[in-house]
Protein chains: 2
Amino acid sequence: MKKLQQKSIELRDNNLGRLFQRAGRAYSVRALSLLHERGFSDVKLSHSALFANLDLEGTQITVIAERAGMTKQAMGQLANDLEAKGYINKIKDPNDKRAYIIRFTKLGEKALHAAYDIKVIIEKEFEDLLGSKNVANLQKGLRKLIESYTN
Amino acid sequence: MKKLQQKSIELRDNNLGRLFQRAGRAYSVRALSLLHERGFSDVKLSHSALFANLDLEGTQITVIAERAGMTKQAMGQLANDLEAKGYINKIKDPNDKRAYIIRFTKLGEKALHAAYDIKVIIEKEFEDLLGSKNVANLQKGLRKLIESYTN
DNA sequence: TGATATAGTAAAGTATGTTTACCAAAATAT
DNA sequence: ATATTTTGGTAAACATACTTTACTATATCA
């Protein structure tokens, strides 16, 4: 049997789970930093749960929450925060008096454009570093793993 | 210029940052579930910051905290929690009366063995899914990205 | 020996959620 | 049509995993 010392080192230094998380963290730190540089300095990482699940034609809070895999209460708080910061509007749903429709403001749309530009920039950086074929394979592998483990 | 609708979809569905984070989450959910199945049901994800940075011969709290990139206060809390649960001991440092040395208990070592087994199991699952060469490339790519972005 | 740095703790605050409990409106069932 | 149940949303309390501020005791340096 392998020595515990060796196992400890391999857990620490040679662990795919840790690599995923560190890469994710590196990505989001970089992306958020570029977004702040472009003037959207009050956007936080947690806001992406709303941004990423909001349709351009507008979406109900409950629907966004379900897509993001979180409670409607938590999503309601994100919505209030982003509304106060001017990125979205909460409009009363004309078809359901209980509900609100969340829509991007002009500022929110600008932030979305910027976020897309940043995504492209970071992907370019990755391709310069690894080669575009390797980035494509990385993406394919991650997708396959996620699909397999979240079903 | 690409339509905002299209940009929104690509940000949502075709975003490496989100893939990293989802893969990391899938890994840790799987690993923690297997660890709980093996009887270590009171171990939490946050504990890994201590486990992963504790040398077998024992390590000072401040050193573990620095390795983990967090404050010594936060690490002190993890240490107290894991001590209460029986995974580590806090021993007075004979060379420094201010300091404590953290060491694994027998139970802690058993958990470490289990964690290693689980790492091997999950890697095997990944290789069955993607092929061992692709897993090796994945690992290599992630390492390269992390190294480049955290320096 | 006196000033400063370091190991650790304590308590309060912050970020990002969940749980429990509730209301009003909508959908369904009889 | 009305009673029942479900759904959209909010509010408040709690949980987790930290950081910040403030402190004590010991160690180190000048």
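Contact between the side-chain N/O atoms of B:Thr71 and the OP1/OP2 oxygens of D:dT19 is found at a separation under 4.0 Å. Contact check, B:Lys90 against C:dT9: a side-chain N or O comes under 4.0 Å of OP1 or OP2. Between B:Lys44 and D:dA17 there is a side-chain polar atom (N or O) within less than 4.0 angstrom of OP1 or OP2.
With distances taken from any side-chain atom of B:Ile61 to the nucleotides C:dT9, D:dC18, C:dG17, the minimum falls on C:dT9. Taking the side chain of A:Arg98 as heavy atoms from C-beta on, and the options C:dA25, D:dT10, D:dT26, the nearest nucleotide is C:dA25. Of the candidates C:dT9, D:dC18, C:dG17, the closest approach to any side-chain atom of B:Lys72 belongs to C:dT9.
Within the model, atoms OH of A:Tyr116 and CD1 of B:Ile9 stand 11.5 Å from one another, a figure rounded to the nearest 0.5 Å.
A side-chain donor-acceptor contact under 3.5 Å links A:Asn80 and A:Lys90.
B:Ala74 comes within contact range of at least one nucleobase, with a heavy-atom separation under 4.0 Å. Among the atoms of the strands shown, only primed sugar atoms or phosphate atoms (P, OP1, OP2) are found under 4.0 Å from some heavy atom of A:Thr62.
Comment: B:Lys85 engages B:Asp81 in a salt bridge, judged by a side-chain N to carboxylate O separation of less than 4.0 angstrom. Ion pairing between a basic and an acidic side chain is recognised when a charged N comes within 4.0 Å of a carboxylate O; B:Glu66 and B:Lys72 show no such pairing.
The nearest whole Å value for the distance from the CG atom in A:Asp81 to the P atom in C:dA15 is 10 Å. Put simply, CD on A:Gln60 is 19 Å from P on C:dA24, counting in whole angstrom units. Straight-line distance from the CE atom of B:Met70 to the P atom of D:dT20: 12 Å, rounded to whole Å. Atoms CG (A:Asp93) and P (D:dT7) sit 16 Å apart, rounded to a whole Å. Going from atom CG of B:Asp96 over to atom C1' of C:dG8 covers 10 Å, rounded to whole Å. Atom CE in B:Met75 sits roughly 19 Å away from atom P in C:dT6 (whole-Å rounding).
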### Query
Could you go step by step and tell me if B:Asp55 and B:Arg67 meet the salt bridge (Lys or Arg N to Asp or Glu O under 4.0 Å) rule?
CA-CA 11 Å; B:Asp55 295 320; B:Arg67 287 180 186 168; 2.8 Å; yes
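Put simply, the side chain of A:Gln73 and the base of D:dT10 share a donor and an acceptor less than 3.5 Å apart.
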